[in-house]
Amino acid sequence: MNQTGTHRVIDSLLDTDAYKLHMHQAIFHQYPETEVVAEFHCRSKEDLRPYFEAIQAQLAQFDSLSFTKDELTYLSTLGFFQQDYLTFLETFSLNSQQVELDVSGDQLAIKITGKWLDVIFWEVPLLAIICEVRCAARYPEVTPEAAIIQLKSKIDHFYQHAEGTDLSDFALVDFGTRRRFSKAVQHHVVDYLADHFPYFKGTSNYHLARTRGLTPMGTQAHEWFQAHQQLTGELADSQQLALNRWLQEYPDSLGIALTDCINMDAFLRDFDLRLSNRFVGLRHDSGDPVTWGEKAIAHYEALGIDPMTKSLVFSDSLTLDKALAIYKHFYARTNVSFGIGTQLSCDLPNVDTLNIVLKLTQCEGRPVAKISDEPGKSMCRDEGYLSQLRQAFDVAQ
């Protein structure tokens, strides 16, 4: 039985997604004093209030976590991080008092307020804690071995459907940290994939990348684009500012751009020839993946750019079967890869997965929002601001 009350769900600050550290360095250099608010939302119809005390106990353990010398040495070998940032991380820590948990309503409410430099680090471990605490309570009999049995079945099914397909360019990446059943399940799944699935190319989790010798993957998340909505003079300029500030921080690496903070059409209007050349590719995270990919290819071709020189990363609610179908559709037309999260790290028999998010809702005391290519993924309580955002980017209601 997984007793989350007796062990730390998170025992390393590297047990997070790589894009958090990549954004963190950019914030350290460009926006060290910026203040933000992030709020939790459970998209699943499940009451999480019964797990309040266990979650709070896990959060309290964060105050003693810091980066180890071995972890910082590892980060220094990757080529992404500058020395001043690594020096900053030597004394970096989190304060659990920043995280406000409230169970007075009809659902668990969480609000995190403070400098973006601190708030950004809470999302991934907080969601992983909520998932593991809840899964341990609801499914105490489930073991990591059950996850591997399920994974083997899915891989067998994948190969059956891939018969006759050239898989040499198929690339799978683990994106499973935020909504994993447990740390143990994710670790077992990643270890099995690394040993038995030749198309497994890496993980978004820096702790797993370091301890397993895997390639870490990830660039930026929605919050990078959301915050820039209040860090720019004109709202309509915020997306281009976010892209250009990213290139300022990473001119020669980490060049995959996320497209759906507003929506794909609005993104492509801002993604001009210079940006299209500078970024090596795009990431899909909402809406129909084939429609999105066709728009990306058409955009590159209209600019005279060979789509085979670019990469499209798909990461929206994927399964191995969905990834294979997308791969077959775009095979030999552009380079594709697939980040799979919940369907790797929390796919077990008779286990209901939990759809939870933590999103920025304010930056510098003013609202920010995500519109997305999928209406259900939008998150903003300020309808007036949403109207401004749609108007600025010419997005229909």
Side-chain angles (χ1 to χ4, degrees), residues 19-20 23 26-27 30-43 98-102 104-123 126-127 178 220-246 257-271 275 283-287 292 316 355-397:
Y19 65 18
K20 287 294 179 178
M23 290 187 292
I27 295 164
Q30 301 180 37
Y31 305 112
E33 301 301 322
T34 294
E35 298 274 335
V36 300
V37 176
E39 296 183 57
F40 171 78
H41 178 60
C42 179
R43 294 171 178 160
Q98 285 184 307
V99 185
E100 303 171 42
L101 279 73
D102 181 10
S104 62
D106 58 3
Q107 177 58 282
L108 174 68
I110 304 174
K111 184 177 181 179
I112 309 173
T113 304
K115 289 185 178 180
W116 194 12
L117 205 56
D118 297 321
V119 174
I120 190 173
F121 244 94
W122 280 111
E123 177 190 359
L126 175 61
L127 298 184
R178 293 181 304 154
Q220 80 283 122
H222 298 101
E223 68 182 289
W224 181 253
F225 294 90
Q226 287 178 282
H228 280 85
Q229 292 167 14
Q230 299 298 350
L231 296 171
T232 186
E234 294 291 334
L235 186 53
D237 297 334
S238 61
Q239 194 161 231
Q240 280 205 336
L241 178 64
L243 292 166
N244 282 303
R245 286 293 175 87
W246 190 259
L258 181 61
T259 67
D260 74 324
C261 187
I262 307 301
N263 66 22
M264 182 60 160
D265 293 337
F267 178 87
L268 292 178
R269 286 195 292 270
D270 282 341
F271 203 55
L275 290 171
R283 178 162 75 91
H284 169 266
D285 200 47
S286 65
W292 177 90
D316 179 33
N355 190 348
I356 53 177
V357 295
L358 187 83
K359 295 292 183 185
L360 284 196
T361 55
Q362 291 182 37
C363 178
E364 297 291 62
R366 298 181 295 272
V368 299
K370 169 189 171 187
I371 296 177
S372 174
D373 284 300
E374 189 174 323
K377 288 193 168 186
S378 299
M379 184 175 173
C380 182
R381 296 186 180 90
D382 189 328
E383 285 298 325
Y385 178 71
L386 272 177
S387 294
Q388 293 177 35
L389 193 59
R390 290 190 183 101
Q391 184 175 4
F393 287 95
D394 193 23
V395 175
Q397 179 73 33

Asker: Looking at residues at least two apart in the chain, or sitting in another chain, which of them share a side chain to side chain donor-acceptor pair (under 3.5 Å) with S238?
Answerer: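 Counting only residues at least two positions away or on another chain, S238 forms no side chain to side chain donor-acceptor pair (under 3.5 Å).
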Asker: Under the rule for salt bridge (charged side-chain N to carboxylate O under 4.0 Å, His left out), what residues qualify as partners of E39, not counting sequence neighbours?
Answerer: R381
Asker: Do I27 and T34 make a side-chain contact, defined as non-hydrogen atoms from C-beta onward lying under 4.5 Å apart?
Answerer: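 A side-chain contact under 4.5 Å is absent here.
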Asker: Can you sort out the partners of L241 under side chain to side chain contact (heavy atoms under 4.5 Å, CB included), two or more places apart, ordered by chain and number?
Answerer: H228, T232, R245
Asker: For D373 and H284, which I'm curious about, is there any donor-acceptor pair between the side chains at under 3.5 Å?
Answerer: no
Asker: State, with a plain yes or no, whether a side-chain heavy atom of Q226 is found less than 4.5 Å away from one of C261.
Answerer: yes
Asker: Any chance you could measure R269, atom CZ, to F393, atom CZ, to the nearest 0.5 Å?
Answerer: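 R269 CZ to F393 CZ: 9.0 Å, rounded to 0.5 Å.
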Asker: In a check of side-chain contact (heavy atoms from CB on, under 4.5 Å) between Q229 and each of L389, L360, D237, which one passes?
Answerer: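 Output: one option passes, namely L389.
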Asker: Atom CD of Q220 and atom CE of M23: how far apart are they, to the nearest 0.5 Å?
Answerer: 7.5 Å
Asker: Do K359 and H41 come close enough that some side-chain heavy atom pair is under 4.5 Å?
Answerer: no
Asker: Taking atom CD1 of I120 and atom NZ of K115, what is their separation to the nearest 0.5 Å?
Answerer: 15.0 Å
Asker: How close do K111 and V37 get, counting heavy atoms only, and between which atoms?
Answerer: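 For K111 and V37, the tightest heavy-atom pair comes out as CE-CG1, 3.6 Å.
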Asker: I want to check something: taking the side chain as every heavy atom from C-beta on, are L258 and W224 in contact at a cut-off of under 4.5 Å?
Answerer: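 No, their side chains stay 4.5 Å or more apart.
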Asker: Is there a donor-acceptor contact under 3.5 Å from the side chain of R43 to the main chain of I356?
Answerer: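 Side chain of R43 to backbone of I356: no pair is present.
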Asker: Quick test of your reading: applying salt bridge (Lys or Arg N to Asp or Glu O under 4.0 Å), list the pairs with at least one residue in residues 383-397, sequence neighbours left out, ordered by first then second residue.
Answerer: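 Checked against salt bridge (Lys or Arg N to Asp or Glu O under 4.0 Å) - neighbours excluded - no pair reaches residues 383-397.
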Asker: Are any of the side-chain nitrogens in E223 or K20 under 4.0 Å away from the carboxylate oxygens of its partner?
Answerer: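 Salt bridge between E223 and K20, a charged N being under 4.0 Å from a carboxylate O: yes.
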Asker: Just how far is it from atom CD1 of I112 to atom CG of L126, taken to the nearest 0.5 Å?
Answerer: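 Result: 5.5 Å between the selected atoms.
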Asker: Could you pull out the closest heavy-atom pair between T259 and F267, with the gap in Å?
Answerer: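 For T259 versus F267, the nearest heavy atoms are O-CB, 3.3 Å.
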Asker: Can you name the side chain to side chain donor-acceptor pair (under 3.5 Å) partners of D270, sequence neighbours left out?
Answerer: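 For D270, the residues satisfying side chain to side chain donor-acceptor pair (under 3.5 Å) (neighbours in sequence not counted) are Q239.
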Asker: Looking only at non-hydrogen atoms, find the nearest pair between S372 and N263 and report the distance.
Answerer: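 Nearest heavy atoms, S372 then N263: O-CB, 3.8 Å.
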Asker: Looking at side-chain heavy atoms only, is the closest gap between T361 and D382 below 4.5 Å?
Answerer: no
Asker: Of all the heavy-atom pairs spanning A369 and Y385, show the shortest one and how long it is.
Answerer: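 Closest pair (atom of A369, atom of Y385, distance): N-CE2, 3.7 Å.
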Asker: Taking the side chain as C-beta and beyond, is there a heavy-atom pair between Q107 and C42 under 4.5 Å?
Answerer: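 When only atoms from C-beta onward are counted, C42 and Q107 do touch, with a gap below 4.5 Å.
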Asker: So, R178 side chain and V357 main chain: donor-acceptor pair closer than 3.5 Å or not?
Answerer: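 No, R178 side chain to V357 backbone: no donor-acceptor pair under 3.5 Å.
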Asker: Going by atom types only, do W116 and E33 share a side-chain donor-acceptor pair under 3.5 Å?
Answerer: no
Asker: Listed by chain and number, what are the side chain to side chain donor-acceptor pair (under 3.5 Å) partners of Q98, not counting sequence neighbours?
Answerer: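 By the side chain to side chain donor-acceptor pair (under 3.5 Å) rule, Q98 matches W122.
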Asker: Of all the heavy-atom pairs spanning A266 and V395, show the shortest one and how long it is.
Answerer: CB-CG2, 4.3 Å
Asker: Tell me if a side-chain donor or acceptor on D118 pairs with a main-chain N or O of G114 at a distance below 3.5 Å.
Answerer: no
Asker: Could you state the interatomic distance from CG (D260) to CH2 (W292), rounded to the nearest 0.5 Å?
Answerer: 9.0 Å
Asker: Using atom types as modelled and distance alone, determine if a side-chain donor or acceptor of E364 lies under 3.5 Å from a backbone N or O of E35.
Answerer: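 Checked: pair present.
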Asker: Taking atom OG of S286 and atom CG of D316, what is their separation to the nearest 0.5 Å?
Answerer: 6.0 Å
Asker: Near E100 CD, under 6.0 Å, is it more than 12 heavy atoms from other residues, nucleotides or ligands?
Answerer: yes
Asker: Walk me through it: do L127 and F40 pass the test side chain to side chain contact (heavy atoms under 4.5 Å, CB included)?
Answerer: CA-CA 9 Å; L127 298 184; F40 171 78; 3.9 Å; yes
Asker: Check whether any side-chain heavy atom of Q240 sits under 4.5 Å from a side-chain heavy atom of L275, and report yes or no.
Answerer: yes
Asker: Answer whether the closest heavy-atom distance between the side chains of D102 and I110 falls below 4.5 Å.
Answerer: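 No, too far: nothing below the 4.5 Å cut-off.
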